[in-house]
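Chain letters run A, B, ... following the sequence lines, proteins first and then strands; every chain starts at 1.
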Amino acid sequence: MERILFGDNQFFAVNHASDEKSREQSIKFKDNSAIMDTLNAARTFGLNTFMCTTHDRVARICEVIRANPDEYKDYKIYPCMPYAHKYVNAVTELGISGTIRQYVPGNLLGTMFKGGAAYLSKDFFSLMELMIDAEMKMFKGINTPVIFLQNVVTDLLIGLRADDILIGFYHYIKKKYKAEAGFITTNLPKLADILERANIENPIICFSINKAGFRVSGSNEQYEEILSAKKFRAIAMQVLAGGVVPPKEALEYVCGLPNIESILFGASSKAHIQSTVEYIRYFDRHNHLNVLRFDANAG
Amino acid sequence: MIKIGLIGAGKMGISHLAILGANPEVEVTGVCDTSKMVTDFLSKHGKFNSFSDYVKMVDETKPEAAVVALPTKFHYAVIKHLLGRGIHVFAEKPFCLNVVQSEELVALAARQKVVNQTGYHNKFIGTFREMKKIVNSGVLGDIYHFVGESYGPVITKPKPGNWRSKPSEGGGCLMDYASHVIDLINDIISPIAEVRGSVLNSIFSENVEDAVYALLKLSNGVDGMLSVNWSDETYRKMSTTMTIIGTQGKAIANASELKVYLKQKGGDYVAGWNSRNITELTGQVDFNLRGEEYTLQLDYFIKAIQGKAPNTINSFNNALHTNRAIELIRSRAN
């Protein structure tokens, strides 16, 4: 994975710190061309991975990428599924089984809902596979080397102790899409334990970590210990904590954490992208030099 | 270890169950739902003890507390049964379909001396908690007006009916959506005492209102407005905003941000505009699902059972006030 991954929250009016900013962003990115312009701006700073939810509008972005194969030949998308609000709003209106009926086509459901008729446990896995395939349709022909389960679902399954479904996701992604499976979570300690128990080697985990401790479940110290002790491929998200910590301080903290492979961030303007990228590269160089100095002194 | 049973595993129930399932101080004794698909999933994958009959679940698993997350029309009978057996109850909002039922359950909970709480989760959101502190501190001066608003994309086109389209079952924007804002007004400023006028507007729904507008007078004499619309697709999800204005300043809060304007410095706030975000105001939790407030409210319920927290925030009695205001608004509109 690249050191810096470009995220999509800004495109879809997700802002953890302000409803007003989220409204401004939804106006700014009303047209898909505005999203493409920002992705292209990020590419000029070497950001060639777009990590995004399976939002309907991402399908349009994929069309542009497919239509210009030469220009985007090195471009990667890390899909994150599902786009939860689509389902949450549907569950509010239709209930859980109503939502599944609406979103999952095919005969399987006909069988499952036949007046409480018995069905096998494996059907929940089939259902998950159908939903994954439905979400992945829009990425056909696009390079998607890592495919993620969104935190709402990961965290829900952690709490429901449905570890086998999390593991099922991991294996299905590997088998069907020849890709790495990743998990997004706001509960790193619990997820890391589950994946360790299941003997998943070196899993990709994307989790909230920031100097303010926002969406860090437990404590920052606990997270730092896990990063040092457990073997997994860590992606840090929500590193700017919605802007509460000044960017320089926020990125110095994250770049200084042990074993973070990648940092995920999103920004709406070229200037913001540039300054974030420059801070990360500056602190990475600085930390690298410190390591070299330490090694020289130790040697 | 607190032994808790869950009754109703729909959208909110499943979310509560996951939070309880992740809490090392809680033993989930049983889960009850009428959907076989849901209970099969929970038995097979979550190893929960699942039931389709809540009385059987209580008889067999003997929980000391229960979380009730059923459609509102079932609340009264189920909660009454649980209270009668001396079980602590956390009930989803809205509390009951009407004031008479709510009053009876408030009295019963008091007689049985059990912990009772409802799921008006906004009160556990850091920005609204801080707003309440600001109001109580007096830095806003004499409060003379407020606006409580909530908008979201629940019903955005005509659709065939479900329970949400039946007024007799607690469907409709007033019970479901506006109740959150009414509850915040009651809590942060003062209980609603009088409704001077109200409009219940059907936009896409056939039988229930999709929007509620009302002019309110609170028991402390302050008046203000309520504006709620769940057919507004310009919002990605439910968005609730409270604006409170006094002689010395103004405060505006939603789930992500709190803005305070003061004429003079007061407490932690400078003169002029102050802005604070949820990222710094929220309480930290050990397990997060969709937002800290959902965990914080259940932590509070558990602490109240353990005798470590007062059973004051979101008590049944608070929810009764909200039910009263709902009836006032409805009767004024008819």
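Counting heavy-atom pairs under 4.5 Å between each of A/Ser26, A/Ser217, A/Gly218 and chain B puts A/Ser217 at the top. Comparing A/Val216, A/Thr186, A/Thr154, A/Asn187 by heavy-atom pairs within less than 4.5 Å of chain B, the highest count is held by A/Asn187.
Crowding of A/Glu249 atom CD: a count of heavy atoms from other residues, nucleotides or ligands under 6.0 Å exceeding 12. More than 12 heavy atoms of other shown residues, nucleotides or ligands fall within 6.0 angstrom of atom NZ in A/Lys230. By the neighbour-count criterion of 12 heavy atoms within 6.0 Å, atom NZ of A/Lys248 is sparsely surrounded, having that number or fewer from other residues, nucleotides or ligands.
Classification of B/Glu292 and A/Arg215 as a salt-bridged pair holds, one side-chain N sitting under 4.0 Å from a carboxylate O.
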Quiz item: Given B/Asn277 and A/Phe214, is the side chain to side chain contact (heavy atoms under 4.5 Å, CB included) satisfied, shown in steps?
Solution: CA-CA 11 Å; B/Asn277 297 116; A/Phe214 179 62; over 6 Å; no
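Between A/Ile158 and B/Phe287, the shortest heavy-atom contact is CG2-CE1, 4.0 Å. Counting all heavy atoms, side chain and backbone alike, A/Phe124 lies closest to B/Met37 at CZ-O, 3.5 Å. Taking each heavy atom of A/Arg23 and B/Tyr235 in turn, the nearest pair found is NH2-OH, 3.1 Å. Taking all atoms of both residues into account, the shortest heavy-atom contact from A/Ile165 to B/Phe41 is CD1-CE1, 3.9 Å. Residues A/Lys190 and B/Asp286 share a closest heavy-atom pair of NZ-O, 4.2 Å.
In this structure, A/Leu188 CG and B/Asn288 CG are separated by 13.0 Å, a value rounded to the nearest 0.5 Å. Here the straight-line distance linking atom NZ of B/Lys44 with atom CG of A/Asp164 works out to 11.5 Å at 0.5 Å rounding. For the atom pair NE2 (B/His45) and CZ (A/Arg161), the distance works out to 14.5 Å, reported to the nearest 0.5 Å.
Here the side chain of B/Gln284 pairs a donor or acceptor atom with the backbone of A/Gly213 at under 3.5 angstrom.
Interface residue B/Leu42: only side-chain heavy atoms are found under 4.5 Å from chain A.
Close approach to chain B, defined as a heavy atom under 4.5 Å from one of its heavy atoms, is seen in no residue of residues 52-60 of chain A.
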